[in-house]
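Below is one structure, written out as structure tokens; comments come after it.
Along the sequence shown, residues are numbered consecutively beginning with 1.
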Amino acid sequence: MTVVSLVAAFVGTGRLYGVGIGSTLSELEQAIRFDFVDVVDESGDSMRREYGFIEFYLNFDQEWVVSGGAIELHRVASRYEMAQRWGEVMHDCFPKFLSWGDLKSAMCERSEHPFLNLIDQGDFLEYRSPETKVSVLVNNDREERDGWLGHGDVWSVSLG
């Protein structure tokens with residue numbers, strides 16, 4: 001599976017590497033075996049597990065449970081070595097840039113292609129699936145790529 005297909009599947013299913021809302025921390029740990037940092041809030045009942053450019057949000061009730069997550073693709077452009085390490089470990093090589101056109105094409109090829117609402121946020125366009133609770137934030141600032149994301153590039157894909 002290509003990274004574009006992986007991201008398209010995330011939008012279509014609300015699951016990344018099999019992890020989605022309701023997954024337990026142990027399920028997350030089984031699915032993603034990569035260096036991480038845990039940031040626990042002061043009350044101790046919510047946590048962000050950050051893998052560099054991929055992160056999951058968890059809440060604690062009787063155990064840690066995933067409540068959301070994101071692929072922060074804008075971080076890949078400036079810290080590409082992080083994505084290269086991810087590729088070595090997880091076998092998915094994220095590109096420096098992912099265009100909305102490429103992602104949209106990959107989504108259209110999938111059987112579970114969700115309906116997306118478009119929300120204009122000025123410098124960003126948000127394409128949100130109410131069904132899977134996934135949003136794709138696309139750069140809309142009219143700038144061309146110049147070592148940084150340009151018009152039409154995906155900024156992030158988030159669940160929650």
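- In this structure, Leu98 is not a member of the same hydrophobic cluster as Trp148, with clusters built from ILVMFWY side-chain heavy atoms closer than 4.5 Å.
- Not one N or O on the side chain of Gln30 forms a donor-acceptor pair closer than 3.5 Å with the backbone of Glu27.
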Derivation of the side-chain hydrogen bond (donor to acceptor under 3.5 Å, both in side chains) call for Thr24 and Ser26: CA-CA 5 Å; Thr24 64; Ser26 63; 3.1 Å; yes

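- Formation of a donor-acceptor pair under 3.5 Å by the Asp102 side chain with backbone atoms of Ser99 is not found in this model.
- Annotation: Trp100 is in aromatic contact with Tyr127 [ring centroid separation under 6.0 Å].
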Worked verdict on Glu50 versus Arg75 for salt bridge (Lys or Arg N to Asp or Glu O under 4.0 Å): CA-CA 12 Å; Glu50 186 173 317; Arg75 295 180 188 168; 3.6 Å; yes

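- Within the 4.5 Å cutoff, no side-chain heavy atoms of Val37 are placed close to those of Tyr51.
- At a threshold of 4.5 Å between non-hydrogen side-chain atoms, the residues Leu25 and Met47 count as touching.
- Contact check for Val136 versus Val11: side-chain heavy atoms found under the 4.5 Å cut-off.
- We find the OG1-CZ distance between Thr2 and Phe94 to be 10.0 Å, quoted to the nearest 0.5 Å.
- Between Trp86 and Phe53, the ring planes lie perpendicular to each other; the angle is over 60°, past the 30° to 60° tilted range.
- Annotation: the span from Phe124 atom CZ to Leu137 atom CG amounts to 5.5 Å, rounded to 0.5 Å.
- Using a 4.5 Å heavy-atom threshold, the side chains of Arg85 and Asp35 count as touching.
- Counting only distance, with no hydrogens or angles, the side chain of Ser23 and the backbone of Leu28 share no donor-acceptor pair below 3.5 Å.
- For the atom pair CD1 (Ile32) and CG (Leu16), the distance works out to 5.5 Å, reported to the nearest 0.5 Å.
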Side chain to side chain contact (heavy atoms under 4.5 Å, CB included) between Ser156 and Leu73, intermediate numbers included: CA-CA 5 Å; Ser156 65; Leu73 290 163; 5.9 Å; no

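- Lys133 has its side chain within reach of Ile21: a pair of non-hydrogen atoms, C-beta onward, lies under 4.5 Å apart.
- Proximity of Leu103 to Met107: side-chain heavy atoms (C-beta onward) are separated by under 4.5 Å at one or more points.
- Of the possible donor and acceptor atoms, one in the side chain of Asn139 sits under 3.5 Å from a partner among the backbone N and O of Asp141.
- Judged by the 6.0 Å distance and 45° axis criteria, Arg48 is not positioned over the aromatic ring of Tyr57.
- Tracing side-chain contacts under 4.5 Å through hydrophobic residues (I, L, V, M, F, W, Y), one reaches Val76 starting from Phe34; they form part of the same cluster.
- Residue Tyr80 holds its OH atom at 10.5 Å from CZ of Phe97, rounded to the nearest 0.5 Å.
- We find that Glu72 and Arg79 are not joined by a salt bridge, their nearest charged nitrogen and carboxylate oxygen being 4.0 Å or further apart.
- The closest side-chain heavy-atom distance from Val138 to Trp155 is not below 4.5 Å.
- The closest side-chain donor-acceptor pair between Asn59 and Ser46, if any, does not fall under 3.5 angstrom.
- Counting heavy atoms of neighbouring residues, nucleotides and ligands inside a 6.0 Å radius, atom CD of Glu131 does not exceed 12 of them.
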Derivation and outcome, side chain to side chain contact (heavy atoms under 4.5 Å, CB included), residues Val65 and Glu63: CA-CA 6 Å; Val65 177; Glu63 64 180 326; 4.0 Å; yes

